[in-house]
Asker: 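Can you read through this structure? Questions will come right after.
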Amino acid sequence: MAAQTKAERTAANRLAHYQDRQAKRAARGARGLTESWMEECRAIAVRYEQAARAAGKDPDAAWHDLSRTLSVWADRYSE
């Protein structure tokens with residue numbers, strides 16, 4: 001096997017950790033899957049924010065969209 005760079009090792013470790021978390025959450029059912037989706041949404045928003053800053057776009061756009069989505073959900077299930 002070829003030697004890995006530090007970046008490759010880091011990426012492989014992150015992927016393994018992510019897959020382990022996903023499997024454990026999936027085993028907990030809908031609540032666990034929801035936690036996974038919330039974590040994924042947050043990570044996507046962070047990545048978008050960083051890319052948007054570099055591209056001169058609105059860095060808050062993904063956060064605003066996520067906030068609107070969560071607000072609609074909360075309204076739907078609130079008493």
Asker: Could you give all pairs that pass the ring-ring contact (aromatic ring centres under 6.0 Å, His included) test and reach residues 35-65, with sequence neighbours left out?
Answerer: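 Applying ring-ring contact (aromatic ring centres under 6.0 Å, His included) to every pair that reaches into residues 35-65, excluding sequence neighbours, yields nothing.
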Asker: With sequence neighbours left out, write down each residue that passes side chain to side chain donor-acceptor pair (under 3.5 Å) with Gln50, or none if nothing qualifies.
Answerer: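 Partners of Gln50 by the side chain to side chain donor-acceptor pair (under 3.5 Å) criterion come out as none, since no residue qualifies.
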Asker: At what distance, to the nearest 0.5 angstrom, does CG of Asn13 lie from CD of Gln4?
Answerer: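 Output value for this atom pair is 8.0 Å.
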Asker: Minimum heavy-atom separation for Pro59 to Ala52, with atom names?
Answerer: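 Minimum heavy-atom separation between Pro59 and Ala52: CA-CB, 3.8 Å.
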Asker: If the condition is side-chain contact (heavy atoms from CB on, under 4.5 Å), which residues does Ile44 pass it with, not counting sequence neighbours?
Answerer: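 So Ile44 forms a side-chain contact (heavy atoms from CB on, under 4.5 Å) with Glu40, Arg47.
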Asker: Show me the donor-acceptor pairs, under 3.5 Å and distance only, between side chains in residues 24-33 and residues at least two apart or in other chains.
Answerer:
unit_1 : atom_1 : unit_2 : atom_2 : d
Lys24  : NZ     : Asp20  : OD2    : 3.2
Arg25  : NH1    : Glu39  : OE1    : 2.7
Arg25  : NH2    : Glu39  : OE1    : 3.0
Arg28  : NH1    : Glu35  : OE1    : 2.9
Arg28  : NH2    : Glu35  : OE2    : 3.1

Asker: My understanding is that a hydrophobic cluster links ILVMFWY residues whose side chain heavy atoms are under 4.5 Å apart, including indirect links. Using that, what else belongs to the cluster containing Tyr77?
Answerer: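 In the cluster with Tyr77 are Trp73.
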Asker: Quick one: list whatever passes salt bridge (charged side-chain N to carboxylate O under 4.0 Å, His left out) with Arg53, sequence neighbours left out.
Answerer: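 In terms of salt bridge (charged side-chain N to carboxylate O under 4.0 Å, His left out), with neighbours along the sequence ignored, Arg53 is linked to Glu49.
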Asker: Which heavy atom in Ala45 sits nearest to a heavy atom in Ala62, and how many Å separate them?
Answerer: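 Ala45 and Ala62 have their closest heavy atoms at CA-CB, 4.0 Å.
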Asker: Scan for salt bridge (Lys or Arg N to Asp or Glu O under 4.0 Å) pairs involving residues 2-17, sequence neighbours excluded, and state none if there are none.
Answerer: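 For residues 2-17: none.
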Asker: Show me the pairs that pass salt bridge (Lys or Arg N to Asp or Glu O under 4.0 Å) and involve residues 64-75, at least two apart or across chains.
Answerer: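 As it turns out, the salt bridge (Lys or Arg N to Asp or Glu O under 4.0 Å) pairs with a partner in residues 64-75, which skip direct neighbours, are Asp65-Arg68.
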